[in-house]
Undergrad: 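Handing you this structure, nothing more for now.
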Protein chains: 2
Amino acid sequence: MTLLPASAVPATPVGLAVDVAAFAMHDGELRVLLVQRGELPHARDWALPGGLVMSGEELHEAALRVLRSETAVELEPRHLEQFHTFGEVGRDPRGRIVSVAHLAVLPHGTVEVAGEASGGHTLGAGWLSAHRPPALAFDHQSILDRALARLQLRLEYANLALEFLPETFTLPELQGVHEAILDRKLDKRNFRKRLLSQGVLTPSGERRTGVGRPAQLYRKAKNARSAAL
Amino acid sequence: MTLLPASAVPATPVGLAVDVAAFAMHDGELRVLLVQRGELPHARDWALPGGLVMSGEELHEAALRVLRSETAVELEPRHLEQFHTFGEVGRDPRGRIVSVAHLAVLPHGTVEVAGEASGGHTLGAGWLSAHRPPALAFDHQSILDRALARLQLRLEYANLALEFLPETFTLPELQGVHEAILDRKLDKRNFRKRLLSQGVLTPSGERRTGVGRPAQLYRKAKNARSAAL
DNA sequence: GCAAAAGTGTTGCTGTTACACCCATGA
DNA sequence: TCATGGGTGTAACAGCAACACTTTTGC
C-alpha cells in the first residue's frame, strides 16, 4: 500500500466494474440472465449484466443495482458472491476496465417476470441456457464458464441447490437442480442417501401429489451453511 | 456492461490496487513477506506489499512490480494467483480503494535476501510468521487469513507445496512444508502413502546425507498440475 | 390394470485414519 | 553403541459408485 501518496486517492485511469452471472431454474434447465446490448461495441450481442462501481457503493451493492437496473425487475437473490476479478488489458475495447464478477442465485419463479425489460441501453433481457448460451460479448463466455465451475463447487461445499427451489420441495426436484447444474444425470438412490445423510433436510410431513406416486416434501433444516472460502 | 457510455472510460473515483501475500519457508516455519510502513496512516505498522494498478498493466504484472519495488529484491514467484477482491467502502481511510489480493509462493532460499530493503515509503521489509503475524495495517489481517485458507486448499488440489522447495527434496522436508502450512502435525506413514500414490514425485536416485539415516531425494514428476479454479 | 414417477439395499472399491517398530548412518 | 532421523504395514471405517425391482397414485 505504500505507493499511494498519503493525501487523496489519485483517480487511476482504470475503470472498476461488476458483472453478474445470475442463475435460476426454468423448465428443468439451468438458465442465466443475459441482456441484449443496444449499442456498440457488440450491439445486439448478449452479455452479462454489468456496470461501473460508484464511489460510495459496496461491490455487492453494485451487483444488485446492476441486476435490477438492467432488467427493470426487483430481483432478490438468495445468494450473491464474488468469484473472480477479470482484468486483462484488452478485455474491453473502450479502455481499461477491471471487473469483479459475481455469482447470483435466484429462487424458483423469478424466471417468469424477466422476459422483456428495457434498461436504458439494452434491447431486452432474458433467461437463456447457461450451458449452451448464444455467443457472448467481450470475455463474458470466460466469466460464465468460471461462474458455472464455482456454482458446481458450491453444490458440494454449501448447499446452494436449495436456493433455487421454493421453501418446500421434493427430493426428485432437488435432484433435478443438481443435474441441471452439473449437466449430467445422477443416480437416484445414491443421491437420496447422500442428501438425507447430510441432515440438511427435514421432511415437512406433507406430500406433493400430481402425476405418479406422491412425493415427500422437504424443507431446509435450521442448521444449513451457506458460505465457504 | 450497458451503463458504460460508449465513448471513453470515465475515470471513476474508485482506486484499483493489488495486495500480495507472498509466502516462503524459513526455519521450518511458514513466513509471509511484510513491509513496515513509513507514513500515515498506520505508520510503523506492518502491511502486505501493495499498490495501485497502472493503466496498461495486467493485474499479475502489478503484483510482481509491487513485490519487487517494495522489497528491492528480484523475487521470482513460483506461483502467483489472484484469490479475492477486497472492496469494502471503509477499508482504507484515504478513500475508496478496491484491492485485488494475490497469493505468491517463493522458493526455498528466497528468504535469505530480503532482510533489509528500502522502497521509497517503507522502513523495511521482512519475512514474518504467517500464522502468528504482528498487528497489520488496514484490513490486511483479513486478507492474510483468506490467503492462508487458499494456500491450504491448494495443498490438496494442486501440489503447491512443491513450489516451496528446491528442485530435489526429501519426503520429510515435503511433509514439513505441509505441516507448516496447515499449522499441525501429520502422520508420517499416511503422508508418505498418500503422496507417493499420487504419482507426482519421482525418486532422483540420490540420497541426502546428514544427521541420521540418509533420505531418498525426489523431484517433481513431469505431469504435475498447478492451477484449479 | 396400466402408465408414471417415487422409493428402497447391497456389494465392492477406494481413500483415510490410527497406530509401533526396525533401519541406516555419523559421531 | 548410541543418538538421530528415515522408512515401513495393517486393520477399521467412511464415502462413493454401480446396479433393478417394488410401491403408490391418477386415469
Side-chain angles (χ1 to χ4, degrees), chain A residues 25 27-29 108 152-159 161 165-166 168-219 225 228, chain B residues 25 27-29 108 152-159 161 165-166 168-219 225 228:
Chain A
M25 292 293 301
D27 291 340
E29 197 190 24
H108 190 78
Q152 290 171 353
L153 246 202
R154 287 285 179 264
L155 278 191
E156 309 175 29
Y157 285 128
N159 272 69
L165 293 168
T168 64
F169 51 86
T170 68
L171 270 179
E173 284 166 356
L174 181 57
Q175 180 172 348
V177 174
H178 280 248
E179 290 177 340
I181 292 174
L182 296 172
D183 200 25
R184 65 186 170 92
K185 285 291 184 189
L186 298 175
D187 180 89
K188 191 172 24 163
R189 282 165 291 190
N190 293 335
F191 181 80
R192 299 175 75 88
K193 244 178 305 177
R194 187 160 55 85
L195 266 286
L196 291 176
S197 73
Q198 274 177 225
V200 296
L201 302 183
T202 46
S204 80
E206 314 275 307
R207 310 182 156 270
R208 165 153 312 156
T209 180
V211 196
R213 175 173 172 175
Q216 177 63 254
L217 284 169
Y218 292 86
R219 67 179 74 242
R225 316 162 280 175
Chain B
M25 292 293 301
D27 292 341
E29 197 191 23
H108 189 79
Q152 290 171 354
L153 246 202
R154 286 287 180 265
L155 278 191
E156 308 176 29
Y157 285 127
N159 273 71
L165 293 168
T168 63
F169 50 87
T170 68
L171 269 179
E173 283 166 356
L174 182 57
Q175 180 172 347
V177 174
H178 280 249
E179 289 177 341
I181 291 174
L182 297 173
D183 200 25
R184 66 186 168 93
K185 285 292 184 188
L186 298 176
D187 180 271
K188 192 172 24 165
R189 283 166 291 191
N190 294 336
F191 181 79
R192 299 176 75 88
K193 242 179 307 176
R194 187 160 54 85
L195 266 286
L196 291 177
S197 73
Q198 275 177 224
V200 297
L201 302 184
T202 46
S204 79
E206 314 274 308
R207 309 180 159 271
R208 166 153 309 158
T209 180
V211 197
R213 176 173 171 175
Q216 177 62 252
L217 284 169
Y218 292 86
R219 68 180 74 244
R225 316 162 280 176

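Residue numbers start from 1 in every chain, and the chains themselves are labelled A, B, ... in the order their sequence lines are given, proteins ahead of strands. The model shown is predicted, which means the values in this text are computed figures rather than measured ones.
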Undergrad: Quick one: does B/Arg189 reach the base of C/dA20 with a side-chain donor-acceptor pair under 3.5 Å?
TA: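 It does, because a donor-acceptor pair links the side chain of B/Arg189 to the base of C/dA20 below 3.5 Å.
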Undergrad: Nearest whole Å is fine: how far is C/dT8 P from A/Asp187 CG?
TA: 14 Å
Undergrad: Compare the minimum distances between each of C/dT25, D/dG6, C/dT16 and the side chain of B/Pro214, then state the nucleotide with the smallest one.
TA: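 Of all the options, the side chain of B/Pro214 is nearest to C/dT25.
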Undergrad: Using whole Å, report how far CG of A/Leu217 lies from C1' of C/dG7.
TA: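 The answer, rounded to whole Å, is 15 Å.
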Undergrad: If you check every side-chain atom of A/Val211, which of D/dG6, C/dA4, C/dA6 has the closest atom?
TA: C/dA4
Undergrad: Just how far is it from atom CG of B/Leu217 to atom OG1 of B/Thr202, taken to the nearest 0.5 Å?
TA: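 These two atoms lie 11.0 Å from each other.
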Undergrad: Once you round it to whole Å, what is the distance between P of C/dA5 and NZ of A/Lys185?
TA: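 That distance rounds to 11 Å.
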Undergrad: Rounded to whole angstrom units, what separation is found between the CG atom of A/Asn190 and the C1' atom of C/dA6?
TA: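 To the nearest whole Å, that distance equals 16 Å.
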Undergrad: Grab the CZ-C1' distance between B/Phe169 and D/dG6 for me, whole Å please.
TA: 16 Å
Undergrad: Checking only heavy atoms, does the side chain of B/Lys193 share a donor-acceptor pair with the base of C/dG15 at less than 3.5 Å?
TA: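 Side chain to base: no pair present.
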Undergrad: Figure out the CZ/P separation between B/Arg208 and D/dG7, and round it to whole Å.
TA: 11 Å
Undergrad: Without swapping roles, check the side chain of A/Gln175 against the backbone of A/Leu186 for a donor-acceptor pair under 3.5 Å.
TA: yes
Undergrad: Go through it in stages, so that I can follow the logic: the residues are A/Lys188 and A/Phe191, the test is side-chain contact (heavy atoms from CB on, under 4.5 Å), and I'd like the CA-CA distance, side-chain angles, deciding distance and then a yes or no.
TA: CA-CA 5 Å; A/Lys188 191 172 24 163; A/Phe191 181 80; 5.9 Å; no
Undergrad: Atom CG of B/Leu195 and atom P of C/dT16: how far apart are they, to the nearest Å?
TA: 11 Å
Undergrad: Between A/Arg207 and B/Leu196, which has a closest nucleotide on DNA chain D that is more 5'?
TA: B/Leu196
Undergrad: Using heavy atoms to find the nearest nucleotide of DNA chain C for A/Leu171 and B/Gly212 separately, return the residue whose nucleotide is more 5′.
TA: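 Per heavy-atom nearest nucleotide, the more 5' residue is A/Leu171.
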Undergrad: Base, sugar-phosphate, or nothing: which does B/Arg192 touch, judged by heavy atoms less than 4.0 Å apart?
TA: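 If one applies the 4.0 Å heavy-atom cut-off, B/Arg192 turns out to touch a base.
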Undergrad: Tell me whether the side-chain N or O atoms of B/Arg213 pair up with the base of D/dT4 as donor and acceptor below 3.5 Å, since no angle test is needed here.
TA: no
Undergrad: Are the side chains of B/Phe169 and B/Leu201 in contact, using a 4.5 Å heavy-atom criterion?
TA: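 Side chain of B/Leu201 against side chain of B/Phe169, heavy atoms only: contact under 4.5 Å found.
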Undergrad: Would you mind reading off the distance between A/Phe191 atom CZ and C/dG7 atom C1', rounded to a whole angstrom?
TA: 14 Å
Undergrad: To the nearest 0.5 Å, tell me how far B/Ile181 CD1 sits from B/Leu155 CG.
TA: 4.5 Å
